[in-house]
Amino acid sequence: MRFRTFAAFVAPSLLLMVLFIAAPLASVFVQSFFVTQPQIQRVETERCTAGFLEQQCTTEIKNVPVLDENGAVVTTTRFVGLDNYRAVVRPDRAFAALSAWDWQALMSIDFWKALRFTLTFTLVTLPLVVGLGLAIALAVNNTMRSIRGPVIFVSLLPFIVTPVIGALSIRWLFVGDGILTRAMEAWSGTEIAMFAQGWTIELLMLFYRVWHVAPFAFVIFYAGLQTMNRETLEAAMVDGASRFERLRYVIVPHLMPLIVFVSLIHLMDAYRVFEEVVGFRSQAHVISLQWLTYDLLQPDDAGNRAVSRASASAMLTMIGIVILLVPLLRKSWRDHKGAR
């Protein structure tokens, strides 16, 4: 009876949650196959200017949008299939660049430029975040209990900072006459411009993401260390296992489910990198897939937004996230079946 009451309460909530998630995703998916454009009409206008004896008139033909009775622009929506995806990916130009081994030509396409940085950002920061988070957790777990609280508080400070504010803070330290830039110039005796090249900006963005997210991994791993069986560690020490051997054969296997969990969260978050691009103002050198979608939604000079291409870019981003998550999800599923 209690189970039925609980199921009757939870089932509608789960259904609403699924609908809340699926409805926007379905609308973006459908929008990526259509193009909505304003209706245009050709209008002949006559422009006259004052002359010496008579007016000088010229006739011009302009393309203007069609307006309805309320003054709103009339639009038409048509099915275009995969054209929006082709407009984003540019497969013909990408294939030509790959055939000619022309890396610069490939990077001149916004999608491939954004994909290169997004993959680099995700796959480089993942082991650094997991490794640094585990190292901090082990260090805090081995400190004295009297100072463990303040150490945990200080370790969590980077994670508390808002991502955009943190990125701006790091940028202000290095941009122009920033404190650290001035210090490096005084030490080296040369002028340093950290934001004049793309690779230096990327290094700062990678550093910031690891600095910002490692505390999250630390909290998860530290909680996992509190559940570890002390007798197992003591038995390994009695058997003569070194610190590295205890870490490899006892601690890491115990924390492996948490390592997979942190990796899943980080992959989903890092592949959607956006705050760093905005905070470091790296659009001239470095862009991400999420920023590309945002840029497509910005109005052009005529006030039009490429909503359909932005939808295609968003779907490609989601497909990339799924591809990255498949190996970890398969491992998690196999571990779950093995435990049963």
(message) Check this for me: does any side-chain nitrogen of one of Arg86 and Asp83 sit under 4.0 Å from a carboxylate oxygen of the other?
(response) yes
(message) Treating Arg281 as the side-chain partner and Val278 as the backbone partner, does any N or O pair qualify as donor plus acceptor under 3.5 Å?
(response) no
(request) Supply the atom-to-atom distance Leu258 CG to Ser263 OG, rounded to the nearest 0.5 angstrom. (result) 10.5 Å
(message) Give me the atom names and distance for the closest heavy-atom approach of Gln31 to Asn84.
(response) O-ND2, 4.2 Å
(message) With rounding to the nearest 0.5 angstrom, report the CG to OG1 distance, Leu126 to Thr122.
(response) 8.5 Å
(request) Find the distance between CG (Leu292) and CD (Gln283) and round it off to the nearest 0.5 Å. (result) 12.0 Å
(message) For Tyr85, run the side chain to side chain donor-acceptor pair (under 3.5 Å) check against Ser308, Ser311, Ser32 and tell me which one passes.
(response) Ser32
(message) Do Gln290 and Val273 have side chains that approach each other closer than 4.5 Å (heavy atoms only, starting at C-beta)?
(response) no
(request) Verify the neighbour count for atom CZ of Phe244: are there more than 12 heavy atoms of other residues, nucleotides or ligands below 6.0 Å? (result) no
(request) Just grab all the side chain to side chain donor-acceptor pair (under 3.5 Å) pairs involving residues 266-278, residues at least two apart or on different chains. (result) Thr125-His266, Arg209-Asp269, Arg209-Glu276, Asp269-Arg272
(request) Write down the atom of Leu297, the atom of Ala310, and the distance for their closest heavy-atom approach. (result) CD2-CB, 3.5 Å
(request) Decide yes or no for Ile109 and Val89: does some side-chain heavy atom of the first lie under 4.5 Å from some side-chain heavy atom of the second? (result) no
(message) Could you check whether any side-chain heavy atom of Leu289 comes within less than 4.5 Å of a side-chain heavy atom of Leu316, counting everything from C-beta outward?
(response) no
(request) Please round to the nearest 0.5 Å and tell me the distance separating atom OG1 of Thr317 and atom CZ of Phe111. (result) 7.0 Å
(request) Look at the side-chain heavy atoms of Ile, Leu, Val, Met, Phe, Trp and Tyr, link any pair under 4.5 Å apart, and say whether Val130 and Leu225 land in one connected group. (result) yes
(message) Is there a path of hydrophobic side-chain contacts, each under 4.5 Å between heavy atoms, that joins Leu264 and Leu123?
(response) yes
(request) Return the minimal non-hydrogen interatomic distance between Ala137 and Phe221, and the atom names on each side. (result) CB-CB, 3.8 Å
(message) Taking the side chain as everything from C-beta on, heavy atoms only, tell me whether Leu206 gets closer than 4.5 Å to Phe121.
(response) yes
(request) Would you mind reporting whether Trp103 and Leu106 have side-chain heavy atoms less than 4.5 Å apart? (result) yes
(request) Indicate if Leu203 and Val129 have the same hydrophobic cluster label, given that clusters are the connected sets of ILVMFWY residues with side-chain heavy-atom separations under 4.5 angstrom. (result) no
(request) Would you indicate whether the side-chain heavy atoms of Ile323 and Ile319 approach each other to under 4.5 Å? (result) yes
(request) Work out which heavy atom in Trp112 is nearest to a heavy atom in Met107; give both atom names and the distance. (result) O-CE, 3.6 Å
(request) Please report the shortest heavy-atom distance between Thr227 and Gly224, naming the atom on each side. (result) OG1-O, 2.7 Å
Give every donor-acceptor pair under 3.5 Å between a side-chain atom in residues 213-220 and any protein atom, sequence neighbours left out.
none

(request) Compare all side-chain heavy atoms of Asp110 with those of Arg90 and state whether any distance is below 4.5 angstrom. (result) no
(message) Does Met268 have more than 12 heavy atoms from other residues, nucleotides or ligands lying within 6.0 Å of its CE?
(response) yes
(message) Looking only at side-chain N and O atoms, does Thr293 offer a donor or acceptor that is under 3.5 Å from a partner on Ser313?
(response) yes
(message) Counting only heavy atoms not in Glu231 (residues, nucleotides, ligands), do more than 12 fall under 6.0 Å from its CD?
(response) no
(request) Over all heavy atoms of both residues, which pair between Ser108 and Arg93 is shortest? Give the atoms and the distance, please. (result) OG-NH2, 3.2 Å
(request) Measure the shortest side-chain to side-chain distance between Leu138 and Ile251 over non-hydrogen atoms and say whether it is less than 4.5 angstrom. (result) yes
(message) Measuring from atom CD of Glu202 to atom CE of Met205, what distance do you get when rounded to the nearest 0.5 angstrom?
(response) 7.5 Å
